[in-house]
Amino acid sequence: MMTINIDKFSGPLSLLLQIIEKEELDITSVNLAKIADEYLEYIKKSEEIRPEAMADFLLMAAKLLYIKSKALLPYLFSEEDQAELDDLAGKLKMYKDFVHLSQKVNKIIGRKRFSFFRSLPKSGRRLNILSDCFFPPKNVSTDVLWTEFKKVLENINFLEEELEKKTILDEVKIEDRIVFIKNIISQKIKINFSNILREAVSRTEIIVNFLAILELVKQKEIIFTQDDLFGEIFLESYQELEIIN
Amino acid sequence: MELKNLLESLFFVSYRPLTIKELVDFSKKDLLEVEEAIKELSEEYSNNNRGLRIIENNKKYQMASSPENAKLIQAFLQSEVSGELTPASLETLTIIAYRGPIKKIELEKIRGINCSLILRNLLIKGLIEEKAGREDDDNEYVVSLEFVKFLGIDNLKDLPEYEKFNKNEEIDKLLGKTDPLWQSAILGEDEEEKEKKEEEADEDSLDN
Amino acid sequence: MELKNLLESLFFVSYRPLTIKELVDFSKKDLLEVEEAIKELSEEYSNNNRGLRIIENNKKYQMASSPENAKLIQAFLQSEVSGELTPASLETLTIIAYRGPIKKIELEKIRGINCSLILRNLLIKGLIEEKAGREDDDNEYVVSLEFVKFLGIDNLKDLPEYEKFNKNEEIDKLLGKTDPLWQSAILGEDEEEKEKKEEEADEDSLDN
């Protein structure tokens with residue numbers, strides 16, 4: 001596998017685009033299905049994807065697997081689904097357009113034809129445009145400052161919470177889930193998917209679990225059955241089944 | 001023309017960009033007259049090889065030095081503007097320049113990745129501006145005059161293929177579509193419902 | 001004429017009068033040529049009823065707004081400094097009062113937005129002062145003595161909950177005194193470095 005410089009892609013679409021271009025493929029749903037595995041390989045190997053971005057990379061992985069399964073089992077999919085899949089190809093093309101534009105913009109900036117606004121004294125104590133130099137504001141008192149600062153603190157706390165939420169995402173790793181699911185299955189013969197998801201708190205975790213199962217299916221560790229559309233998914237150990245049969 | 005003369009003086013003394021509304025209020029002239037005068041002034045500057053420019057973005061105007069003199073002015077001011085941007089910053093700025101005002105959710109649809117941090121970063125650098133919407137999700141982003149300054153153009157419309165990408169049905173279609181497949185597939189109907197209720201609740205709390 | 005164009009840019013960006021010697025040095029032209037160009041520029045301004053003037057005093061030259069507009073310009077500048085503070089200015093002033101001396105980049109991290117224009121505005125009003133650091137980025141801001149007096153207190157420590165707010169862990173954390181989560185988050189390490197340089201460059205271009 002040719003190495004792709006991770007620095008160069010600023011998101012899952014960027015990675016997709018690079019793989020597509022490297023393989024010299026056109027952007028079509030069919031070709032997206034072809035590169036699904038390669039995409040997964042990259043995000044599995046890459047240690048440089050920031051935790052905050054991982055959710056988006058995984059979401060894309062799920063989409064690609066969906067497209068791939070559609071290519072393998074077309075009769076399971078409706079026309080609506082097809083439109084969705086074409087959408088991804090369309091979005092990737094749109095993204096490609098903007099990447100090209102950004103290269104043009106970069107060239108324009110590179111000419112260094114900057115404009116400048118009026119300058120200020122470099123270390124001027126005060127900037128004095130009128131003869132006076134103190135213009136007291138009407139709406140300020142110590143109480144106003146106090147209230148205002150409390151608002152600032154509230155905003156900061158909010159910000160921190162948001163960030164913490166995002167970093168937690170990193171803690172769910174496909175590898176860990178694979179081991180986890182393997183363990184459960186080795187203890188029980190059959191388990192339902194919702195059981196595995198019981199502790200999942202985020203969309204990313206659900207996706208990671210799902211990916212882990214797909215991986216295990218691929219490795220012929222487990223098989224799954226689903227009786228109804230959107231019904232419960234049951235997981236069973238592949239080996240157990242072989243012995244029984 | 002008197003108005004053009006006044007506008008030139010105003011642009012010169014102002015240390016900040018002036019909005020069209022401020023200029024109208026201050027000159028006590030019609031919007032159309034003011035716009036016409038700005039256009040004339042700006043064209044005089046460009047056509048007569050002058051050392052000044054009026055740069056415009058998002059109905060804000062500011063006087064700036066002309067881009068031909070960039071090197072010498074930079075030396076005079078001893079400033080070290082490098083204009084180098086990371087790929088992610090560049091990509092985000094380009095999309096905002098061509099498609100602004102643009103919402104975060106639309107930006108994320110184009111880039112396929114969460115943009116909270118990069119937006120914050122660009123806001124701090126003063127390369128973009130945020131226009132508050134009714135709710136947080138409605139906030140829209142535009143590039144700042146500070147960014148236009150780097151380009152050495154008077155107006156974003158001078159960017160290559162601006163019209164084509166600014167108004168583009170194909171893009172509108174792609175952005176306008178929600179992603180129902182993935183929401184329902186992954187979140188399940190229940191969560192979608194929950195989100196809807198939360199949204200309603202938020203709106204309520206705003207209204208009250 | 002190129003020289004006239006350059007001089008116009010120079011006069012515009014400079015906040016102080018320029019000596020003829022400086023102009024000669026910068027343009028790398030003869031004294032006579034420079035004097036001739038200044039004269040031409042100056043005559044163009046007066047003859048074409050422009051909003052600008054070149055004023056000369058003791059072989060120093062400076063750009064100014066034209067005298068016809070003096071009254072209106074004075075009113076404009078007055079309106080810039082008087083009146084209520086905008087919410088953004090008030091927030092910035094508050095942070096400087098409780099956390100000063102504070103650097104621009106720290107203010108920006110707390111507020112999540114570029115503060116150049118607001119700092120400029122507070123400086124014009126005399127509400128804050130700039131303490132020059134070793135480099136531009138090191139400039140620190142404090143509220144002015146006049147402002148403290150205006151609040152009716154002897155010392156900033158008399159502000160409500162000053163001690164508690166002045167040493168606030170949450171803020172220290174955010175300011176990267178412990179953890180630069182922001183920068184490393186979406187940008188790679190290398191990019192972080194680059195971005196830092198960019199920031200410096202941006203600030204330069206703003207400050208100058």
Side-chain angles (χ1 to χ4, degrees), chain A residues 7-16 50 52-53 55-57 59-60 62-63 66 80-81 83-85 87-88 90-95 97-120 122 127 129 159 162-163 166 203 206-207 210 230, chain B residues 12-15 53 55 62-68 70-71 73-74 77-79 81 83-88 90-95 97-99 108-114 116-118 145 148-153 159-161 165 170-171 173-174 177 179-182 185-187 191:
Chain A
D7 240 18
K8 280 192 187 149
F9 60 82
S10 44
L13 283 173
S14 168
L15 175 55
L16 266 190
R50 296 275 153 188
E52 288 77 15
D56 295 307
F57 279 93
L59 188 62
M60 180 60 71
K63 286 190 192 192
Y66 191 81
E80 240 172 76
D81 296 340
E84 282 296 327
L85 301 183
D87 220 39
L88 178 60
K91 278 185 180 160
L92 188 57
K93 278 184 200 151
M94 167 168 75
Y95 175 76
D97 282 341
F98 280 107
V99 169
H100 282 301
L101 285 180
S102 78
Q103 284 154 359
K104 285 186 191 168
V105 169
N106 200 26
K107 271 202 188 125
I108 295 175
I109 296 173
R111 297 179 310 180
K112 302 201 181 228
R113 284 167 52 90
F114 306 140
S115 294
F116 293 88
F117 298 140
R118 279 183 79 192
S119 65
L120 286 180
K122 272 244 163 175
L127 178 68
I129 54 170
L159 212 65
E162 290 254 291
L163 272 181
K166 278 181 190 147
R203 193 204 294 224
I206 297 174
I207 297 169
F210 191 66
F230 299 119
Chain B
F12 170 69
V13 299
S14 176
Y15 277 97
R53 289 290 180 275
I55 55 179
Q62 191 163 6
M63 191 181 267
S65 68
S66 72
E68 304 94 87
K71 239 184 166 166
I73 298 298
Q74 193 166 353
L77 294 174
Q78 295 174 326
S79 79
V81 187
E84 246 178 74
L85 296 164
T86 63
L90 186 65
E91 190 181 295
T92 310
L93 281 167
T94 301
I95 296 167
Y98 278 89
R99 296 290 305 184
E108 288 175 342
K109 273 188 189 160
I110 296 178
R111 294 194 63 225
I113 192 162
N114 184 295
S116 304
L117 287 177
I118 190 92
L145 275 176
V148 179
K149 243 172 49 173
F150 281 126
L151 300 170
I153 57 179
L159 283 172
E161 299 188 273
F165 285 96
E170 197 58 33
I171 296 177
K173 218 173 87 193
L174 285 166
K177 251 189 200 168
D179 229 338
L181 178 65
W182 291 102
I186 287 159
L187 290 173
E191 283 218 38

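Residue numbers start from 1 in every chain, and the chains themselves are labelled A, B, ... in the order their sequence lines are given, proteins ahead of strands.
Distance CD1/B/I171 to CZ/A/F98: 4.0 Å, rounded to 0.5 Å.
Ranked by heavy-atom pairs under 4.5 Å with chain A, the first of B/S65, B/G112, B/A70, B/S66 is B/S65. Contacts with chain B were tallied for A/L92, A/D97, A/V99; A/D97 has the most, counting heavy-atom pairs under 4.5 Å. Of the residues considered (B/K71, B/R53, B/Q74), B/Q74 shows the highest number of contacts with chain A, using heavy-atom pairs under 4.5 Å.
Across all non-hydrogen atoms, the minimal contact from B/K109 to A/L13 is O-CD1, 4.3 Å. Scanning all heavy atoms of the two residues, the minimum distance from B/P160 to A/I108 falls at CD-CD1, 3.6 Å. A pairwise comparison of heavy atoms in B/L90 and A/S102 identifies CD2-O, 3.4 Å as the closest pair. Nearest heavy-atom pair, B/I110 versus A/M94, reported as atom, atom and distance to 0.1 Å: CG1-CE, 3.8 Å. In terms of heavy atoms, B/I113 sits closest to A/G11 at CD1-CA, 3.7 Å. Scanning both residues, A/S115 and B/G152, for their nearest heavy atoms gives OG-CA, 4.4 Å.
Contacts of B/A97 classified as side chain to side chain contact (heavy atoms under 4.5 Å, CB included), with partners at least two apart in sequence or in another chain: B/V143, B/F147, B/L156, B/L159.
Proximity to chain A is limited to the side chain of B/Y98, based on heavy atoms less than 4.5 angstrom apart. Interface remark: B/L93 contributes no atoms to any contact with chain A (heavy atom separation under 4.5 Å). Residue B/E108: no heavy atom, backbone or side chain, is found under 4.5 Å from chain A.
Between B/E161 and A/K104, at least one side-chain nitrogen of the basic residue sits less than 4.0 Å from a carboxylate oxygen of the acidic one, meeting the salt-bridge criterion.
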Carefully, step by step, assess A/V105 and B/F150 under the rule side chain to side chain contact (heavy atoms under 4.5 Å, CB included). CA-CA 10 Å; A/V105 169; B/F150 281 126; over 6 Å; no

Test side chain to side chain contact (heavy atoms under 4.5 Å, CB included) on A/N106 and B/L85; report intermediate values, then the result. CA-CA 8 Å; A/N106 200 26; B/L85 296 164; 5.5 Å; no

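Using a 4.5 Å heavy-atom threshold, the side chains of A/Y95 and B/E91 count as touching.
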